[in-house]
Amino acid sequence: MIIGSHCKMSSKDFLLGSVNEALSYDANALMIYTGAPQNTMRRPVKDLKVKEATELLAQNNIPMENMIAHAPYIINLANCVNASTFELATTFLEKEIARCEEIGLKYLVLHPGSFTTATFDKGINKIVEGLNMVLKQDQKVTILLETMSGKGSEVGYEFEHLKYIMDNTIFKQHLAVCLDTCHIHDAGYDLNDFDTILNDFDKIIGLDKLKVMHINDSKNEMGAKKDRHANIGDGFIGFKNLHYIVNHEKLENVIKILETPYIEEQAPYKAEIALLKSEI
Ligand code: FE
Ligand code: FE
Ligand code: ZN
């Protein structure tokens, strides 16, 4: 099983610290932000201890592609109301892709965007426009569009939305999907019947496009459109369903990342990974 969690990247050890954190959870995958998710300040890549981190991954037989990045929340490609927000989104996404490429990261998870006070149709087409401005034919990084809960004016809460974006983007070969269990549950997908969801995903998008999953329980009922993550087994999705999902034979090669909340300031990931791997 390829499984890990979100890991911090804090000063001094940077990516080396992130990999060490992942190893402390017995993980063989991890997700990081290449800098603070709420702002655009970024350390130069040469300061991030990339070589040391890469070597530590190799020593532990962990492929480099199991370390993935998440783009900052400030990137909103769907904003067609505020030109400067859209401009910031495209220029910053371009820089994030370059940063990932420099570090050697293959996957960058991206929230498709929120249309704010415009309309869904305008928003989703703005996302396509933005991706067409940013993606380059020969880039090495794959952007993973994340399935969203549909809170506020989010685009991407149905598989069809992601399919539409992919179909209309010129360099669609650089797009794939990150499926978040909390988000799809909150969007109204019934995870008690996960095989139907997988079949739908395969029919609409194609299972070969599913590269990463975020494994989270949900604090809210199915369809609540809230997006509040719960610890594994503590929410409305439940341990049995999440265990079934991470152990699904069709998802063996999909990278699974926990984004569950800390418990009394402690990361729950070591215990949650063990629980998900256990035989039941
Ligand atoms: Fe996300
Ligand atoms: Fe997520
Ligand atoms: Zn979320």
Side-chain angles (χ1 to χ4, degrees), residues 2-9 18 22 27 29-39 66-78 89 92-93 96-97 100 105 107-114 127 131 141-159 161-162 165 175-189 191 197 201 209-232 234-237 241-242 245-246 251 254-262 267-269 272-273 276:
I2 309 170
I3 189 163
S5 67
H6 168 256
C7 286
K8 292 198 278 285
M9 188 182 71
S18 315
L30 66 154
M31 182 174 80
I32 50 126
Y33 287 94
T34 79
Q38 331 76 357
N39 66 46
N66 292 8
M67 177 157 71
I68 67 170
H70 195 304
Y73 315 130
I74 45 165
I75 295 179
N76 182 11
L77 292 179
F92 199 59
L93 180 57
E96 283 286 286
I97 293 171
C100 288
L105 303 173
Y107 296 123
L108 176 62
V109 177
L110 176 73
H111 294 178
S114 298
I127 295 167
L131 288 170
V141 174
T142 299
I143 303 286
L144 303 180
L145 301 171
E146 184 166 354
T147 59
M148 302 313 288
S149 68
K151 74 169 182 293
S153 62
E154 276 174 351
V155 175
Y157 57 87
E158 285 178 358
F159 299 154
H161 302 171
L162 304 187
I165 295 168
L175 294 176
V177 174
C178 169
L179 187 146
D180 187 311
T181 55
C182 169
H183 296 177
I184 63 169
H185 162 90
D186 280 28
Y189 288 91
L191 293 177
I197 295 177
F201 187 99
K209 283 284 181 187
L210 182 55
K211 304 297 184 191
V212 170
M213 288 181 77
H214 287 163
I215 307 298
N216 305 305
D217 213 324
S218 172
K219 289 194 173 159
N220 292 285
E221 276 172 59
M222 184 177 94
K225 299 199 165 51
K226 291 271 210 260
D227 187 6
R228 292 196 56 218
H229 302 183
N231 289 100
I232 302 300
D234 284 353
F236 282 86
I237 300 173
N241 286 338
L242 292 167
I245 292 166
V246 296
L251 304 175
V254 175
I255 300 167
K256 292 143 190 124
I257 299 289
L258 295 160
E259 302 175 301
T260 52
Y262 275 41
Y269 306 127
E272 290 187 340
I273 288 169
L276 288 168

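Each ligand, and each atom within it, is numbered from 1 in the order the structure gives. Please read all numbers here as calculations on a predicted model, not as lab measurements.
- The backbone N or O of Thr147 lies less than 3.5 Å from no partner atom in the side chain of His214, so there is not a single donor-acceptor pair.
- A centroid separation of less than 6.0 Å is found between the aromatic rings of His6 and Tyr33.
- Between His229 and Asn231, the side chains place no donor N or O within less than 3.5 Å of an acceptor N or O (distance only, hydrogens not considered).
- Shown here are the protein N/O/S atoms lying under 2.8 Å from the Fe ion (ligand 2), water excluded: Glu146 OE2, Asp180 OD2, His214 ND1, Glu259 OE1.
- More than 12 heavy atoms of other residues, nucleotides or ligands shown are found within 6.0 angstrom of OH on Tyr262.
- Residues Ile215 and Glu272 are not in side-chain contact: their nearest non-hydrogen atoms beyond the backbone lie 4.5 Å or more apart.
- The closest side-chain heavy-atom distance from His70 to Pro37 is not below 4.5 Å.
- With a cut-off of 2.8 Å, the protein N/O/S atoms near the Zn ion (ligand 3) add up to 3.
- Remark: Tyr157 pairs with His161 by the ring pair (Phe, Tyr, Trp, His ring centres under 6.0 Å) rule, at least two apart or across chains.
- Sequence neighbours left out, not one pair with a member in residues 175-184 passes salt bridge (charged side-chain N to carboxylate O under 4.0 Å, His left out).
- Around the NZ atom of Lys225, the shell of radius 6.0 Å holds more than 12 heavy atoms that belong to other residues, nucleotides or ligands.
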